[in-house]
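Below you'll find the structure, written out as structure tokens, and then a few comments.
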Amino acid sequence: MSKATDTQSDTDTSGVIESVSGPVVTARDLDARMNDVVYVGEEGLMGEAIEIEGNITTIQVYEETSGVAPGEPVVNTGEPLSVDLGPGILDAIYDGVQRPLDVLETKMGSPFLDRGVDAPGIDLDTKWEFEPEVSEGDIVEPGDVIGVVEETVTIDHKVMVPPDFEGGEVVSIEAGSFDVTEAVAELDNGEEVTMRQEWPVRKPRPSVEKKTPRTPLISGQRILDGLFPIAKGGTAAIPGPFGSGKTVTQHQLAKYADADIIVYVGCGERGNEMTEVIEDFPELEDPKTGNPLMARTSLIANTSNMPVAARESCIYTGITIAEFYRDMGYDVALMADSTSRWAEAMREISSRLEEMPGEEGYPAYLAARLSQFYERAGYFENINGTEGSVSAIGAVSPPGGDFSEPVTQNTLRIVKTFWALDADLAERRHFPSINWNESYSLYREQLDPWFKENVTDDWDEIRQWAIDILDEETELQEIVQLVGKDALPEDQQLTLEVARYLREGYLQQNAFHPVDTFCPPKKTYLILTATKTFHDEAFDALDAGVPVEEVQSVESVPQINRIGVQEDYEAYVETLKEDITEEIRGLY
Amino acid sequence: MKEYQTITEISGPLVYAEVDEPIGYDEMVEIETPAGETLRGQVLESSDGVVAIQVFEGTSGIDRNASVRFLGETLKLPVTEDLLGRVMDGSGQPIDDGPEIVPDERRDIIGAAINPYSREYPEEFIQTGVSAIDGMNTLVRGQKLPIFSASGLPHNNLALQIARQATVPEDDEEGGSEFAVVFGAMGITQEEANEFMQDFERTGALERSVVFMNLADDPAVERTVTPRLALTTAEYLAFDKDYHVLVILTDMTNYCEALREIGAAREEVPGRRGYPGYMYTDLAQLYERAGRIQGRAGSVTQIPILTMPGDDDTHPIPDLTGYITEGQIYIDRALNSQGIQPPINPLPSLSRLMDDGIGEGLTREDHSDVANQMYAAYAEGENLRDLVNIVGREALSERDNKYLDFADLFEANFIQQGYDTNRSIEETLSIGWELLSTLPKSELNRVDEEFIEKYYVEEDAETAEVTAD
Ligand SMILES: Nc1ncnc2c1ncn2[C@@H]1O[C@H](COP(=O)(O)OP(=O)(O)O)[C@@H](O)[C@H]1O
Ligand SMILES: [Mg+2]
């Protein structure tokens with residue numbers, strides 16, 4: 001949605017500003033429907049009607065309002081807040097209302113964000129090479145793919161009949177070079193299909209049905225894939241205090257998740273974190289295709305210092321873009337960092353509207369908004385018969401790190417994967433600081449068949465073995481805190497030692513190490529097998545009467561902690577297992 | 001310009017007045033009291049016929065007969081390179097008897113957000129000469145790295161040490177842009193202010209500094225303006241005049257108290273512990289004014305200082321700050337009472353921009369591994385201290401005892417250095433290796449084997465020096 005593509009601005013429907021208070025403006029005599037986009041004041045700042053009471057319309061303004069005064073005009077576009085959908089979304093970086101930040105920089109002629117400047121979400125002049133996939137005489141229905149353009153080296157962009165068309169017989173279609181506003185096909189009822197569609201962000205795009213997800217979204221992060229996997233089409237939350245690893249985890253997913261498309265929403269967080277993505281992603285390789293990561297990525301950056309109303313809308317902009325690529329049959333993963341900032345934007349607007357506050361000042365509709373958002377994720381059968389998915393992963397930033405607060409609690413009621421970050425682990429530089437006792441994935445069992453078929457038969461068995469050891473460690477640690485380790489029986493001391501290797505060599509993973517940063521499921525599995533070899537051999541030795549100190553000081557064992565950084569890990573693990581076995585057996 | 005004598009209500013720092021013309025949101029206001037004093041303020045809410053004004057100097061002396069003038073523009077600061085060397089009060093008026101300031105330009109103090117697309121990722125190592133920072137929580141140019149302190153702790157000494165010692169090793173060789181300090185004080189005592197001013201004067205830093213002082217007995221509401229003046233100056237010097245600017249803002253806690261006071265006067269629905277619900281956004285609009293911009297030579301690096309009420313880092317002020325800034329440096333009360341200078345606790349401290357600013361060609365190849373290993377080892381030793389108190393050292397394994405020793409040595413040799421010692425990064429890392437070498441090689445699983453070969457200090461050579469305890 002942008003002025004650049006708008007045609008109506010009827011003076012009959014325009015009104016006059018009555019009051020201004022930060023991002024909230026009221027207008028008199030404005031003829032608007034709820035959620036219509038309006039232009040506010042002499043500078044035409046973009047806003048949205050969010051409350052209508054008698055003759056007074058309340059508007060949230062997506063830009064700074066300093067200097068705006070009562071008496072200035074407000075003009076209604078008559079259309080709800082929408083995004084421009086079409087080729088050009090990938091490899092782009094937007095603000096919360098889909099204005100391309102690179103275009104804004106050029107138009108404003110400054111690195112600082114000015115206001116009252118607008119730009120369409122996708123470039124209107126770029127020519128794309130269109131290849132038809134249907135012929136004249138074919139009948140097409142809403143959602144059907146009629147052709148493709150190569151959007152990036154990685155992604156073929158499917159040109160679809162918009163869901164709100166009637167559909168009919170194709171009367172003209174041909175290959176060629178088109179911009180996004182030119183008709184690439186004409187139907188017998190006069191409908192013209194262009195590459196560009198508009199879709200109102202607050203309305204989910206239609207689908208046939210949601211299916212049970214059965215394929216994992218492989219993240220290349222051991223603790224996630226190994227213990228708490230998320231499905232393609234699944235939902236996950238990462239709550240944690242500041243500095244515990246929410247953003248690094250989200251970035252790791254954006255880099256290594258085996259999705260076709262990544263939509264990364266920086267919602268009310270740091271500017272430099274978005275800059276990092278903009279600088280790194282064009283250089284980094286997509287693990288799936290080897291192409292630059294940016295070729296599968298769309299970024300939405302509404303940082304903490306950018307207008308709060310646009311922060312409220314950035315989540316919707318992101319999820320609508322995700323649904324659009326899902327409709328093409330792609331697996332899309334959306335990361336939102338942080339959903340708490342989104343909730344706070346709702347709270348800020350709500351309090352300016354003087355709505356009755358709910359828990360901790362959040363509006364009463366907080367829970368509903370959160371679940372509406374996560375409900376837009378899923379594994380879908382699309383209206384064109386293809387299957388596609390949207391996985392949604394939200395960071396949560398609880399005040400004071402206290403998970404009992406409303407955003408965390410309401411999120412946990414909805415999502416099926418919970419990656420609980422832990423400040424204590426972060427302080428010890430145990431990364432990723434995901435607490436293995438508190439986290440869970442409700443997808444674990446339904447994804448096991450996939451892992452057994454694609455990685456190894458005993459995926460679930462060895463995982464259970466690791467979980468049991470870690471559980472036992474947690475219990476033993478309580479005793480150790482009272483009496484010290486040396487007071488424990490030898491077998492329990494040994495269990496603690498095995499658990500330490502699980503923590504250091506398996507659960508920990510350094511996102512900044514060139515090799516360790518990405519761990520394929522096979523390697524995740526092999527690290528466990530090496531640790532289990534140590535466990536089995538060590539307990540045999542203990543049974544044979546070897547003192548625990550001797551078993552613990554076997555020289556090759558600490559190499560378990562170095563498997564993560566090995567490129568040629570299969571050979572390394574093979575040798576390591578042999579060495580461990582040989583050395584321990586040599587003790588008796 | 002129209003004058004109104006239409007004040008209808010005075011409440012805390014707020015004044016409500018009736019108007020018969022449209023007044024812009026955030027616009028500047030002057031109020032003349034019957035005693036002839038002129039106070040300044042800003043429009044907080046503007047509706048047809050009535051405006052709410054926040055008065056910076058406080059509302060005392062204002063009555064219904066005071067006259068109100070609307071200046072037709074938002075608050076602007078005259079900027080010029082000549083601000084260097086000058087001392088202003090918390091609302092930007094010179095207090096140093098210097099010459100009149102002839103502005104180059106007048107800048108809106110609210111400041112526009114930097115387009116994330118136009119930023120350049122900060123990655124130039126700043127050597128502060130403080131091991132706990134350089135070695136473990138490296139600062140880079142354009143970073144915002146606050147000091148989390150509490151009352152009675154020596155955060156000012158540390159801030160001054162950083163301001164004195166900070167250099168960029170590369171620049172020293174090549175002669176890069178000039179360095180400047182912008183100091184914004186909010187509600188600090190005269191004594192603290194003197195501490196800073198005397199140090200600036202003693203070291204000759206004042207010439208390249210711009211100082212904005214709002215002291216404890218200055219109006220509280222003015223504190224909402226002071227950091228914006230400081231940052232507007234910093235942005236001008238950095239992005240128009242190519243300076244590398246270090247901004248020290250102290251004490252952010254006083255700034256937040258002022259926000260709370262205004263919120264309460266407006267009868268807003270309060271957020272956590274009475275602070276406004278928009279405090280995150282408000283603080284972000286300050287802290288995010290640090291950074292680098294593509295194609296501009298200068299940079300704005302921020303070191304805000306805050307004192308945590310009740311030493312509690314879950315309090316909204318440190319909590320929201322930590323959520324916005326690129327890490328934090330904790331000053332620790334226990335280390336301070338042990339006499340460690342500077343008493344930085346590295347465990348909860350963090351520099352989020354460290355990873356890209358260090359390593360081969362920037363600091364040294366082994367830097368990241370050394371830092372990670374020292375973190376893990378110190379954390380392990382720290383953790384065991386509680387246990388030792390219960391079961392005694394004898395009940396611990398040999399391995400555990402090594403970690404306990406490590407923690408002690410780490411505090412005594414690495415963190416402890418004094419406020420006048422300036423250590424190069426080489427020195428910092430070599431102290432690190434001496435300490436790590438008290439642990440067996442097999443324990444150093446976060447360090448690349450190649451670096452262990454190269455830097456590990458074999459026992460016989462160093463025993464005497466490092467195991468003395
Ligand atoms: N997987 C990881 N590997 C290495 N370091 C990590 C990892 N996760 C987090 N960190 C460290 O923790 C810091 C804070 O992480 P970040 O994701 O920014 O925290 P949050 O978003 O929760 O505030 C990072 O700057 C980095 O130093
Ligand atoms: Mg983060």
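The sequence lines fix the lettering, A, B, ..., with proteins before strands; numbering per chain opens at 1.
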* Structure fact -> Between A/Arg562 and B/Asp448 the two heavy atoms that sit nearest each other are NH1-CA, 4.2 Å
* To do: Under 4.5 Å heavy-atom distance to chain B, tell me which part of A/Thr65 shows up: side chain, backbone, both or neither.
  => both
* Determine, for B/Arg296 against B/Glu120, whether the closest basic-nitrogen to carboxylate-oxygen distance falls under 4.0 angstrom. => no
* Modelled atom types, side-chain donor and acceptor of B/Asp313 and B/Tyr330, under 3.5 Å -> yes
* Using non-hydrogen atoms and a 4.5 Å limit, figure out which bit of A/Asn510 sits close to chain B: side chain, backbone, both or neither. => side chain
* Structure fact -> Bottom line for A/Pro558: the part with an atom under 4.5 Å from chain B's heavy atoms is side chain
* Asked: Quick one: what part of A/Arg429 sits under 4.5 Å from any heavy atom of chain B, side chain, backbone, both or neither?
  -> both
* To do: Select one option (side chain, backbone, both, neither) describing which atoms of A/Glu105 are under 4.5 Å from chain B's heavy atoms.
  => both
* Given a strict heavy-atom distance threshold of 4.5 Å, which part of B/Glu382 is in contact with chain A: side chain, backbone, both, or neither? -> neither
* A/Glu63 bridged to A/Arg99 by N-O distance under 4.0 Å -> yes
* **Proximal component of B/Ser349, with respect to chain A [non-hydrogen, under 4.5 Å]** => backbone
* To do: Go through the atoms of A/Leu299 and report whether side chain, backbone, both or neither lie under 4.5 Å from a heavy atom of chain B.
  => neither
* Of the backbone (N, CA, C, O) and the side chain (C-beta and beyond), which part of A/Arg28 lies under 4.5 Å from a heavy atom of chain B, both, or neither? -> side chain
* To do: Counting only heavy atoms closer than 4.5 Å, note whether B/Val19 contacts chain A via side chain, backbone, both or neither.
  => neither
* **Which atoms of A/Ile93 approach chain B - backbone, side chain, both or neither, heavy atom under 4.5 Å** => side chain
* Structure fact -> Applying a strict 4.5 Å limit to non-hydrogen atoms, the region of B/Ser397 in contact with chain A is both
* Asked: Where on A/Val68 is there a heavy atom nearer than 4.5 Å to chain B: the side chain, the backbone, both, or neither?
  -> backbone
* Contacting moiety of A/Glu276, where chain B heavy atoms sit under 4.5 Å -> both
* Asked: Does the side chain of B/Asn345 pick up a donor-acceptor pair with the side chain of B/Tyr378 at under 3.5 Å?
  -> no
* Lys/Arg-Asp/Glu bridge criterion (N-O < 4.0 Å) met for A/Glu269, A/Arg341 -> yes
* **Atom group of B/Arg292 that falls short of 4.5 Å from chain A, counting heavy atoms** => neither
* Asked: Where does B/Leu350 contact chain A at under 4.5 Å (heavy atoms): side chain, backbone, both or neither?
  -> both
* Verify the distance criterion only: is there a donor paired with an acceptor across the side chains of A/Arg270 and A/Thr247 at less than 3.5 Å? => no
* Engaged part of A/Glu64 at the chain B interface, taking heavy atoms whose separation is under 4.5 Å -> side chain
* Asked: Does the side chain of A/Thr26 pick up a donor-acceptor pair with the side chain of A/Glu18 at under 3.5 Å?
  -> no
* Asked: Should the pair B/Arg273-B/Asp312 be classified as a salt bridge under the 4.0 Å nitrogen-to-oxygen rule?
  -> yes
* Quick one: do B/Glu288 and B/Lys144 make a salt bridge, cutoff under 4.0 Å? -> yes
* Pair B/Asp240 + B/Arg107, salt bridge at N-O below 4.0 Å -> yes
* **Side chain / backbone / both / neither for A/Pro23 at chain B, heavy atoms under 4.5 Å** => neither
* Asked: Is B/Arg228 salt-bridged to B/Asp282, going by a charged N under 4.0 Å from an acidic O?
  -> yes
* Contacting moiety of A/Gln508, where chain B heavy atoms sit under 4.5 Å -> side chain
